[in-house]
Enquirer: 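Before anything else, here's the structure in question.
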2 protein chains.
Amino acid sequence: MNNLFADLPTDLPEELVEVLAENKHARIERIVSTGHASPDGFWCDQEEAEWVVVLKGEARLRFEDDDKPIHMKMGDSINIPAHRKHRVEWTTPDEPTVWLAVFCRD
Amino acid sequence: MNNLFADLPTDLPEELVEVLAENKHARIERIVSTGHASPDGFWCDQEEAEWVVVLKGEARLRFEDDDKPIHMKMGDSINIPAHRKHRVEWTTPDEPTVWLAVFCRD
């Protein structure tokens with residue numbers, strides 16, 4: 001057994017990504033951000049579909065095809081189809097933001 | 001966007017299962033229990049591997065091959081391989097228990 005809120009770092013040089021479960025089709029990750037954002041001008045373009053939820057903290061996500069950012073708080077989840085370009089504009093610096101992400105090939 | 005803690009019923013005749021995302025390989029479900037348990041003597045024997053986390057509430061899970069039940073609280077996650085027989089022995093009657101489960105074929 002593993003607790004998603006255990007061992008939360010409060011200050012990280014980079015996002016912390018841990019694989020919780022994986023097989024040939026899918027991968028489940030815990031991602032911890034402490035104020036991180038995607039680099040300026042960078043868009044994440046993924047081969048895999050991603051379903052992601054914020055379990056603690058807050059974040060602002062943006063899609064290249066939508067001018068309006070999405071503010072995500074505890075419990076908010078979203079589906080990101082493969083190749084829908086997106087970036088993390090902001091995560092709160094006030095506490096660790098814990099994401100749970102499920103990546104899956106079509 | 002969808003919030004995992006929204007619209008939580010407090011009294012349910014049966015567990016509430018909602019599919020949050022699905023493709024041919026994997027399925028993500030929110031399951032809400034309000035004091036539910038598996039029927040006496042029933043063991044769940046699944047074709048799919050399941051990764052499951054308790055996001056709110058508390059539960060006790062038991063495997064047929066292990067006499068000791070596993071007490072799960074907020075954030076506790078576990079991998080259940082396909083065909084490892086298990087049952088939910090107890091969920092707290094004090095509040096809704098919210099599970100997030102990812103089912104995946106090998």
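In the text below, chain A, chain B and the rest are named by the order of the sequence lines, each starting its count at 1. Note that the coordinates shown come from a computational prediction; the quantities given were computed from them, not determined experimentally.
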Enquirer: Would you say Met72(A) ends up clustered with Phe5(A) if hydrophobic residues are merged whenever their side chains have heavy atoms under 4.5 Å apart, either directly or through other cluster members?
Expert: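 No, because Phe5(A) and Met72(A) fall into different hydrophobic clusters, even though each may have its own neighbours under 4.5 Å.
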
Enquirer: Keeping Ser77(A) on the side-chain end and Asn2(B) on the backbone end, is there a donor-acceptor pair under 3.5 Å?
Expert: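 Yes, because the side chain of Ser77(A) sits within donor-acceptor range (under 3.5 Å) of the backbone of Asn2(B).
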
Enquirer: Picking from Val98(B), Val54(B), Ile78(B), Leu100(B), which has the most non-hydrogen pairs under 4.5 angstrom with chain A?
Expert: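 Maximum pair count with chain A is reached by Leu100(B).
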
Enquirer: What about Phe63(B) and Val53(B), same hydrophobic cluster or not, with Ile/Leu/Val/Met/Phe/Trp/Tyr joined at side-chain heavy-atom distances under 4.5 Å?
Expert: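 Hydrophobic grouping puts Phe63(B) apart from Val53(B).
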
Enquirer: For the residue pair His71(B) and Met1(A), what are the closest heavy atoms and their distance?
Expert: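 Between these two residues, the closest heavy atoms are O-CE, 3.4 Å.
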
Enquirer: Looking at Ala49(B), Ala6(B), Gly75(B), which has the largest count of heavy-atom pairs under 4.5 Å with chain A?
Expert: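 If we count pairs closer than 4.5 Å to chain A, Gly75(B) comes out on top.
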
Enquirer: Take a 6.0 Å sphere around CG of Asp7(B) and say whether it holds more than 12 heavy atoms from other residues, nucleotides or ligands.
Expert: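 Atom CG in Asp7(B) is not packed in, count stays at 12 or less.
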
Enquirer: Identify the residues of residues 10-34 of chain A whose heavy atoms come closer than 4.5 Å to a heavy atom of chain B, ordered by number, or report 'none'.
Expert: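 Residues Leu20(A), Ala21(A), Asn23(A), Lys24(A), His25(A), Ala26(A), Ile28(A) are the ones that qualify, each having a heavy atom under 4.5 Å from chain B.
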
Enquirer: Just give me the residue among Leu4(A), Asp76(A), Ile70(A), Leu55(A) that pairs up with chain B most often, heavy atom to heavy atom, under 4.5 Å.
Expert: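 Option with the greatest count: Asp76(A).
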
Enquirer: With Glu95(A), which residues qualify under salt bridge (charged side-chain N to carboxylate O under 4.0 Å, His left out), at least two apart?
Expert: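 For Glu95(A), the residues satisfying salt bridge (charged side-chain N to carboxylate O under 4.0 Å, His left out) (neighbours in sequence not counted) are Lys56(A).
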
Enquirer: Hydrophobic cluster membership, with links at side-chain heavy-atom distances under 4.5 Å among I/L/V/M/F/W/Y: are Trp99(B) and Ile80(B) in one?
Expert: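 The answer is yes; both residues are in one hydrophobic cluster.
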
